[in-house]
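My questions will all concern the structure given below.
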Number of protein chains: 2
Amino acid sequence: MKISELSRRSGVSIPTIKYYLRDGLLPPGRATAANQADYGEEHLRRLRLVRTLVGVRRLPVGAVKEILGAVTEQDGDLHQIFGIVTDARPVTQQQKQARERERQEAGEETGGVTDARELVAAMGWEVHSGTAAIRSLGEVLDALSDMDSGIDWRSLLPYARLADRISELDVQQMEGVSGVLELAERAVLVSVLLEPALLAMRRLAQEDKSARLFGGGSEEGEEE
Amino acid sequence: MKISELSRRSGVSIPTIKYYLRDGLLPPGRATAANQADYGEEHLRRLRLVRTLVGVRRLPVGAVKEILGAVTEQDGDLHQIFGIVTDARPVTQQQKQARERERQEAGEETGGVTDARELVAAMGWEVHSGTAAIRSLGEVLDALSDMDSGIDWRSLLPYARLADRISELDVQQMEGVSGVLELAERAVLVSVLLEPALLAMRRLAQEDKSARLFGGGSEEGEEE
DNA sequence: TGTGATGGATAGTAGTGCGATCCATTATCC
DNA sequence: GGATAATGGATCGCACTACTATCCATCACA
């Protein structure tokens, strides 16, 4: 398949495909001549996955590259794949620098991270301690404490128990998938793409619950 | 309080504060002269909230503006506040345009959105149908179907049930908060800031579960 | 044999989240 | 009361991201 066909079948413009090729998001096609390359079905699948992660999940291109690169070289151990996918965080360069600064002036390990480790311990989760998720959770706990919200890691325990049950559903989604690449792709899909779906459902449920509890205040407004 | 004190107390640089003032993220201080304005404690709180949403939750500045603007003018009905917060989605201009195009070529209402409505109906959630959350969920369902993942809205029902229980926790977090602005701030905190915390906990639990199920493949690597 | 697509490279664009600088005005300290 | 320094307001610039556009020599294919 030539690049024009790849473009037609995926709906992605040729310049964008070239950009992904340059950036290593898409492996180069099999070169048949100095100015000709051949792309296969797996390029199409990969391209669709990239578009999904960038377009729907809105991951930065760099993060998608990390995920896909790590996943395709570490093909074999499903747990490793989950770990890699789990560890890839969407942070831009600017934001990274800002984080650096904040971390430095906070003394390299904020109280929130310590609290996050306590929560992990309380839940009995066994994770390798360098996870980005712990830092991420730590940041939120720091912010909650800075804002005097009165919400601490203990108040998050009920949430953690539900998160635990969500993760059980997640690993169930891996059943019945055969190939190695298919498993990797499924792991990416389940752990990354379901994130916006989960948040969306939470928001829908929130609207429902808040209507039942505090609602009725002004109950017109079906118009958009 | 002068701008310099606001900067010192918040840890936010003066140019950044000026930028927020320009963009309407922060209400202007009470002008005492042509080149002097006075800021109060509520400016400090607001600034901290902005920094939390931009820095920790990584919302685009425009989205934060929408949320805060809507929340502070609609002070009164807690359900309205939840709805507003719920409806603000972080989308950049570029991405918006891309969405526009995709929606046009898909005929203005994708199958995923229809599926999303079915899921909402199956859960018995009562929401006004224009919600961004439905569109968001629809996009994910579209992507899952495009990728032939075999995951459809029915497979998401177990997730939806857990999301429902999460939302019950969310509304519980509103208890014991008194003032109107305090309630609004709490609603923002709970529904927006807890998002990264939820995702982080899900990832931690995923790592734990995947280790228990598929793990043991290569169990060294405590080093970071 | 020529026409148009291809790969590869370089440059340009729009949008975001600031930081830097300039300016006239004005609080403030001596 | 005069120097100093800070303030509000404005404009410019910068780094980064995700593309888009253009150019070019080369080559398939009709």
Proximity to the side chain of K18(A) - top-ranked nucleotide from dA18(D), dT20(D), dG7(C): dG7(C)
To the nearest angstrom, the CZ-P distance between R30(B) and dT7(D) comes to 16 Å
Ignoring backbone atoms, test whether T16(A) places a side-chain nitrogen or oxygen under 4.0 Å from the OP1 or OP2 oxygen of dA18(D). no
I3(A) has an atom CD1; how far is it from atom P of dA9(C), in whole Å? 13 Å
Identified side chain to side chain contact (heavy atoms under 4.5 Å, CB included) partner of L49(A) from the options L189(A), L25(A), L44(A): L189(A)
I need the CG-P distance between L26(A) and dC19(D), as an integer number of Å. 13 Å
Look at Y20(B) and dC18(C) and indicate whether a side-chain polar atom (N or O) is within less than 4.0 Å of OP1 or OP2. yes
Taking the side chain of N35(B) as heavy atoms from C-beta outward, which of dC27(D), dG8(D), dT25(C) is closest to it? dT25(C)
Separation of dT20(D) P from D23(A) CG (nearest whole Å): 13 Å
Reading DNA chain D from 5' onward, which residue's closest nucleotide shows up sooner: V61(A) or A34(A)? V61(A)
If you look only at pairs with a residue in residues 12-64 of chain B, which of them pass as a ring-ring contact (aromatic ring centres under 6.0 Å, His included), with sequence neighbours excluded? Y39(B)-H43(B)
Assert: residue with more 5' nearest nucleotide on DNA chain D, out of S13(A) and M1(B), is M1(B)
May I have the distance from L21(A) (atom CG) to dC19(D) (atom C1'), rounded to whole angstrom? 14 Å
Side chain of S4(A), heavy atoms from C-beta onward: which of dT6(C), dT26(C), dC19(D) has the nearest atom to it? dT6(C)
Can you tell which of dT26(C), dT10(C), dG19(C) lies closest to the side chain of R22(A)? dT10(C)
Is the shortest distance from a Lys or Arg side-chain nitrogen in D146(A) or R51(B) to a carboxylate oxygen in the other one below 4.0 Å? no
Distance test, side-chain N/O of Y39(A) to OP1/OP2 of dG7(C), below 4.0 Å: yes
Gap between atoms CD1 and P, on I14(B) and dC18(C) respectively (whole Å): 16 Å
Check the distance between dG4(C)'s C1' and Q36(A)'s CD and give it to me in whole angstrom. 11 Å
NZ/NE/NH1/NH2 to OD/OE distance under 4.0 Å, R48(B) and E185(B): no
Hey, is R58(A) close enough to E195(A) for a salt bridge, meaning N to O under 4.0 Å? no
Output the single nucleotide from dC18(C), dT20(D), dT6(C) whose closest atom is nearest the side chain of R51(B). dC18(C)
Can you identify which nucleotide, out of dT7(D), dG9(D), dC27(D), has its nearest atom closest to the A33(A) side chain? dC27(D)
When you get a sec, tell me which of dG19(C), dG8(D), dT26(C) is the closest nucleotide to the side chain of P15(B)? dG19(C)
Take atom CG of L47(A) and atom P of dC19(D), then tell me their distance rounded to the nearest Å. 11 Å
